[in-house]
Amino acid sequence: MFGPNLFTNYGEAVSVILFVIGFSNLLLQKNLIKKIIGLNIMDTAVYLFLAEKGYIRDRVAPIVVDGIQEVEAYINPVPSGLVLTGIVVSVSVTAIMLSLTIRLYRRYHTLDLDEISMLLKKEGR
Amino acid sequence: MDFIQNFPFFSIILSMFSGIVSSVLPVKAARRLNTFLIVAVGVMSGILLVYLTGTGEPFVYWMGHFPAPWGNEIRAGVLEAGMALFFCLIMFLSMLGGRRQLAEEVAENKQNLYYILVDLLLSSLLALVYTNDLFTAYVFVEINTISACGLIMVREIGRTFEAAIRYMIMSLLGSGLFLVSLCMLYDLTGHLLMSNIKESVAALAARGEYTVPLMTTIGLLCAGLAIKSALFPFHSWLPDAYGYSTVSSAAMLSSLVSKGYIFLLIKIFYRVIGFEIIAQSKIINVLFIFGLLGMIFGSTSAIQENDIRRMIAFSSVAQIGYIYMGFGLGTEAGMTASIFHMLSHAATKSLLFVAAVGLTDASKGRREFVELTGSAYRNKMAGIAFTVGSLSMVGMPMFSGFVSKLLFAEASIGHAHKMLPAVLVLALSTILNAIYFMKTVIRIYVPDYRSDCRTITIKKQKAYAFTLVCFILLNVALGMLSKPLEGWIHSGLAMFG
């Protein structure tokens with residue numbers, strides 16, 4: 001079932017495992033802060049995947065400084081660009097999640113999402 | 001290149017800049033800018049639609065003057081232009097219909113934030129409609145999520161905060177799956193532009209290489225967008241988000257935000273993966289089953305609901321199920337029915353939300369069914385509009401809902417395995433729809449002249465009545481002009497490939 005590819009691409013395997021860990025934390029944790037940590041693990045796992053895919057050993061970023069113009073000397077810069085864009089997106093969604101968490105905590109003095117739902121039902125609105 | 005080909009880019013960038021400028025404008029100016037923006041984008045999309053119908057072929061617009069494998073692209077055909085026009089129309093009417101509630105429910109100093117969010121929502125929807133690049137689509141999916149979250153929580157009560165965070169969590173799960181699958185797709189094909197990916201995927205499929213990774217990737221992609229568009233069982237956030245946010249937000253969330261993701265999914269089916277590969281895969285069977293389940297469970301939850309806004313919200317779950325059932329059929333006719341149902345549901349659901357708020361206003365703001373007794377007499381226009389919306393949802397001929405149900409039934413007839421379940425569930429779901437919508441219509445028309453509730457006449461709320469009339473006309477138009485619309489969808493899908 002597992003070919004030799006699994007051992008060559010162990011970085012990708014690790015990133016997928018991390019993705020699943022982050023995903024299940026975001027889905028299953030009750031505590032909002034832990035959910036946000038899960039979100040960040042999930043997003044970072046994707047960046048690890050992209051970095052693993054984008055880097056080739058002994059090659060450098062495609063910035064020509066010493067006149068070498070062969071394609072074989074450089075890596076594809078697009079995955080790194082994707083990582084940067086992804087980081088920006090994940091920072092903004094993390095910020096919005098954290099600010100929502102603060103609002104909920106000030107109002108209900110708990111970080112437990114189920115407990116907040118219970119309190120809301122008690123409020124009856 | 002004709003000047004008109006700049007219009008998709010203009011509409012996206014104009015809405016982004018309006019959002020930015022609105023942050024320093026006073027509320028009134030921000031509102032005017034927002035209205036102007038929606039009208040301007042609508043007019044541009046209309047001109048583009050006429051232009052594209054004339055030329056008969058789609059065009060590709062280079063962003064930043066780099067050719068295909070390197071640059072970013074916008075691609076427009078008749079379906080995209082028509083969808084943009086339709087989104088603008090619904091957004092305009094939703095904003096107009098909810099203007100008074102917005103002034104009451106949102107704090108004075110937060111109101112221009114609302115217009116920023118609506119501008120950003122429009123720009124992200126337009127970008128999702130027009131873009132030809134998967135990563136751009138991801139970025140705008142996130143912008144869409146953030147602005148939708150803002151639209152929910154702008155009415156600052158506990159329920160909306162909880163709904164917003166639940167919405168955020170579900171959406172982020174969806175976009176996480178979308179992101180990882182698009183990275184895997186990039187890894188498999190080496191491209192981010194949709195047309196290039198399609199060539200590579202076709203080559204991979206022809207050689208029979210990487211079948212399992214490819215199918216996994218496509219599956220994750222579909223799962224991500226299905227979670228984001230609230231397919232059953234990922235709908236837990238939906239009733240609170242639609243039920244407690246201010247009415248313009250509820251109308252726009254149900255009729256625009258989820259439709260944006262579904263439109264992206266259709267684009268991915270046709271332009272990234274290729275419809276044949278999707279139609280042969282097992283993935284659509286999964287979508288089909290969840291669509292059927294959603295049709296039943298959405299309706300049964302709606303029947304049990306005691307709050308009119310939440311009932312309409314649960315009905316959305318059922319309608320999203322219809323759309324995914326159409327995808328699950330895996331035929332061109334099924335896709336056409338789904339796209340028509342997107343339009344019909346968007347027009348009807350925003351009508352129902354706007355009409356329901358008129359009924360609750362005439363009942364001291366209470367939303368339980370007992371309190372709504374006789375409210376159609378106290379607010380006649382809202383009563384008529386709600387009845388029209390309900391009849392359309394149930395599938396009365398002349399209204400849009402009938403046509404979409406007919407198209408779904410026609411698409412499923414003759415399908416080898418899926419005909420029986422599709423037709424049976426369609427019939428069952430129609431009956432369930434009829435139960436809860438007719439129950440409400442009867443309830444609001446039971447005479448109960450309470451003196452303690454205020455009566456709202458059309459003269460008092462001219463803009464509101466105008467909105468409802470426009471919504472009703474739109475609904476009837478969708479129901480009566482189904483043939484030309486079908487033709488438009490067919491030619492649009494032909495331009496998609």
Side-chain angles (χ1 to χ4, degrees), chain A residues 5 9 12 15-16 19-20 22-24 26-29 32 35-36 38-43 45-54 76 78-79 81-83 85-86 88-90 92-108 113 116-117 119-121 123-125, chain B residues 69-70 134-136 138-143 145-150 152-153 156-184 186-188 190-192 210 212-213 216 220 223-224 227 234 236-237 240 243-244 307 367:
Chain A
N5 277 346
N9 297 337
E12 283 85 343
S15 76
V16 170
F19 181 87
V20 174
F23 188 87
S24 35
L26 180 56
L27 185 63
L28 301 175
Q29 287 286 355
L32 287 171
K35 270 186 190 292
I36 296 170
L39 164 73
N40 281 312
I41 295 174
M42 183 175 87
D43 280 347
V46 179
Y47 310 146
L48 176 64
F49 182 83
L50 279 171
E52 277 288 338
K53 278 292 162 205
N76 178 3
V78 175
L82 297 187
V83 171
T85 320
V88 173
V89 171
S90 106
S92 41
V93 291
T94 311
I96 226 178
M97 285 286 280
L98 285 170
S99 61
L100 264 170
T101 310
I102 293 171
R103 291 300 289 267
L104 280 170
Y105 185 77
R106 281 201 189 135
R107 206 178 265 258
Y108 298 105
L113 195 53
I116 293 173
S117 301
L119 287 170
L120 272 169
K121 281 216 180 84
E123 263 180 27
R125 303 203 307 124
Chain B
W70 299 285
L134 261 186
F135 202 80
T136 312
Y138 165 71
V139 173
F140 279 98
V141 159
E142 291 289 27
I143 295 178
T145 307
I146 291 174
S147 47
C149 176
I152 299 171
M153 67 182 181
E156 294 171 284
I157 58 171
R159 283 275 194 183
T160 55
F161 284 125
E162 196 229 1
I165 204 151
R166 281 191 190 277
Y167 171 71
M168 226 29 209
I169 291 163
M170 268 300 164
S171 279
L172 290 174
L173 290 172
S175 38
L177 286 179
F178 185 68
L179 177 63
V180 79
S181 61
L182 99 83
C183 292
M184 275 149 67
Y186 179 54
D187 178 33
L188 279 168
H191 290 290
L192 284 170
Y210 296 116
V212 176
T216 317
L220 288 177
I227 291 177
F234 308 113
S236 55
W237 56 272
D240 277 359
Y244 296 98
D307 176 321
R367 301 141 59 128

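Note that the coordinates shown come from a computational prediction; the quantities given were computed from them, not determined experimentally. Each chain gets a letter, A, B and so on, in the order the sequences are listed, and its residues count up from 1.
- Within the 4.5 angstrom heavy-atom criterion, atoms from both the backbone and the side chain of Phe161(B) approach chain A.
- Taking Thr85(A), Ile36(A), Val16(A) one by one and counting their heavy-atom pairs under 4.5 Å with chain B, the maximum is reached by Thr85(A).
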Quick one, Phe135(B) with Val78(A), criterion side chain to side chain contact (heavy atoms under 4.5 Å, CB included). Give me CA distance, side-chain angles, the key distance, then yes/no. CA-CA 11 Å; Phe135(B) 202 80; Val78(A) 175; over 6 Å; no
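- Annotation: the span from Met97(A) atom CE to Cys149(B) atom SG amounts to 8.5 Å, rounded to 0.5 Å.
- Heavy atoms only, all atoms of each residue included: Leu120(A) and Arg159(B) are closest at CD2-N, 3.6 Å.
- Using a 4.5 Å cut-off between heavy atoms, Ser90(A) does not touch chain B at all.
- With a 4.5 Å cut-off on non-hydrogen atoms, Leu39(A) touches chain B through its side chain but not through its backbone.
- Distance check: Phe19(A) CZ to Leu179(B) CG gives 7.5 Å after rounding to the nearest 0.5 Å.
- Here Leu113(A) is the residue among Leu113(A), Leu32(A), Leu50(A) with the most heavy-atom pairs under 4.5 Å with chain B.
- At a 4.5 Å heavy-atom cutoff, the contact between Arg166(B) and chain A is made by side-chain atoms alone.
- Contacts between Met170(B) and chain A at a heavy-atom distance below 4.5 Å involve the side chain alone, from C-beta outward.
- With a threshold of 4.5 angstrom between heavy atoms, Leu177(B) approaches chain A through its backbone and through its side chain.
- Both the backbone and the side chain of Thr101(A) come within contact range of chain B, judged by heavy atoms closer than 4.5 Å.
- Among Asp43(A), Ile96(A), Leu82(A), Ile116(A), the residue with the largest count of heavy-atom pairs under 4.5 Å with chain B is Leu82(A).
- With rounding to the nearest 0.5 Å, the separation of NZ in Lys53(A) from CG in Leu188(B) is 8.5 Å.
- If you take CD on Glu162(B) and CG on Leu100(A), they are separated by 11.0 Å, rounding to the nearest 0.5 Å.
- With values rounded to the nearest 0.5 angstrom, Asp187(B) atom CG is found 11.0 Å from Glu52(A) atom CD.
- Ile165(B) places none of its side-chain heavy atoms less than 4.5 Å from the side chain of Lys35(A).
- Contact of Met42(A) with chain B is made through the side chain alone, with heavy-atom distances under 4.5 Å.
- Atom CZ in Arg103(A) sits 4.5 Å away from atom CD in Glu156(B) (nearest 0.5 Å).
- Interface remark: Phe23(A) contributes backbone and side-chain atoms alike to the contact with chain B (heavy atom separation under 4.5 Å).
- Proximity to chain A (any heavy atom under 4.5 Å) is restricted, for Glu142(B), to the side chain, taken from C-beta onward.
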